[in-house]
2 protein chains.
Amino acid sequence: MPRTEEQNQQIRDERQEQILQAALKVFARRGMAAAKISDIAAEAGFSHGLVYHYFKSKEEIFSTLVKKALQGSTLVIQYAQQQEGSPLQQLRWMTNMILQNISGEGAYLFLIMMQAFTSDAIPEEVKQMMDDGLAFSAIKATLPLIQAGQQAGEIMPDDPVKLAVLYYSLIQGLAISKIQWKDCPMPDADMVLRVLKAK
Amino acid sequence: MPRTEEQNQQIRDERQEQILQAALKVFARRGMAAAKISDIAAEAGFSHGLVYHYFKSKEEIFSTLVKKALQGSTLVIQYAQQQEGSPLQQLRWMTNMILQNISGEGAYLFLIMMQAFTSDAIPEEVKQMMDDGLAFSAIKATLPLIQAGQQAGEIMPDDPVKLAVLYYSLIQGLAISKIQWKDCPMPDADMVLRVLKAK
DNA sequence: GTCTATAAATCGATAGAC
DNA sequence: GTCTATCGATTTATAGAC
């Protein structure tokens, strides 16, 4: 009895997701360039031929992951601004979400994004995504939140861009620390927000 | 007229340093795996054959750079503890040194170290260096400073390890931000130390 | 849909000329 | 000391069998 088209579609979706999950781990651990298609295939439990059945190239897999990571990070900021409460409370909500994310598999996505930002050895399409302003969108999108907090006297009066850099540097650094040292003690949101809060 | 042995030695030292400088840039930009020997040779202005005349392999070049980076970072901590003043003042001195370093070429060394920490695709010798405790030596070496500061009431009372993680995460994140965004506004030492200071 | 065999290209490393 | 030519291994990507 042959499979229905519906079942085939389900298999395809499943495989695609399995490959992406496997690729995320391999890319994070070995980097885009050092990651071999055979590594990804082995991690997912398939032959390397199958990977090429679902993705045109290694670059396409990497691009897909970066896209997902960027979308995810902009979403968190949007949700934060829809939360109730003062700007500082919104920032606290967002920080909590991010810290929670970092503690799980989410740290890998941070590493992928960082590779995309710092490495030259990435697909042209990914470079494009970075240049198109999506790159600093996180900082830009957070500026209104910071400025509102400053007017409310909750956040220290200083260059908002500098404060945003400070904040995201800490977040990014924590994600890396978590990967470097799996059981490292993680600070809570309020400790992170000390870099922003008014005295 | 043939060169004297002295002149030859000088040429060798010079070439070795030129290759290391070029390799630092290439490794930081492309990662250990993606970096090609021909890239390094081109950056230094030599043929790829000459690189192999001075280094046994690509791995050896990478290991040499990681070693230098690790030595440098432990040195700063040692010097900091020899500075006069309170623990917080010593930390401020150290933070200033690091921030100054990051603003220049030093950021590349941070990236190299981070690759060494996070990537699986690195030489066995380098992994050894990390495992041998040199890895978290920065955090360990800073603990006395933090604890002294807590007793003096200058630093907030909390798990010293957690505070060290917070501090170094921020430092590391700032180094990465600086590479991602060459002209990003950098905070001063006191802004960084807000994550440690007592209220 | 999945696998194995294979082509094509890339790159680390060496040998030998100058 | 420096360069060019070349080997050998690895890896991406494809073709074709099941």
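Because only heavy atoms are used, hydrogens play no part in the values below, and waters and symmetry mates are left out as well, while side chains stay in. Labels below follow one simple rule: chain letters A, B, ... track the order of the sequence lines, proteins then strands, and each chain is numbered from 1. Quick caveat: nothing in here was measured; it's all calculated off a predicted structure.
- Atom-to-atom distance recorded for A:I61:CD1 and A:L24:CG is 11.5 Å, nearest 0.5 angstrom.
- Note on A:A41: nothing from the nucleic acid sits closer than 4.0 angstrom, heavy atoms only.
- Across A:Q10, A:Q16, A:Q9, a single residue satisfies side-chain hydrogen bond (donor to acceptor under 3.5 Å, both in side chains) together with A:D13, and that is A:Q9.
- Sequence neighbours left out, the pairs with a member in residues 43-57 of chain B that pass side chain to side chain donor-acceptor pair (under 3.5 Å) are B:R29-B:E43.
- The closest donor-acceptor contact from the side chain of B:E154 to the backbone of B:L88 lies under 3.5 Å.
- Within a 6.0 Å sphere centred on CD of B:E14, other residues, nucleotides and ligands contribute more than 12 heavy atoms.
- Residue contacts for B:Y54: at a heavy-atom cut-off of 4.0 Å it reaches the sugar-phosphate backbone alone, with no base atom in range.
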Enumerate all atom pairs, one protein N or O and one N or O from nucleotides 5-7 of chain C, separated by less than 3.5 Å.
from	atom 1	to	atom 2	distance (Å)
C:dA5	N6	A:H48	NE2	3.2

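- With DNA chain D read from its 5' end, the first of the two nearest nucleotides for A:A35 and B:G45 is the one closest to B:G45.
- The two residues B:L20 and B:L65 have their closest heavy-atom pair at O-CD2, 3.9 Å.
- Considering only side-chain N and O atoms, B:Y52 lies under 4.0 angstrom from the phosphate OP1 or OP2 of C:dA13.
- Nucleotides of DNA chain D with any atom under 4.0 Å from a heavy atom of chain B span, from 5' to 3', D:dG1 to D:dA5.
- Between atom CD of residue A:Q180 and atom CG of residue A:L111 there is a gap of 8.5 Å, rounded to the nearest 0.5 Å.
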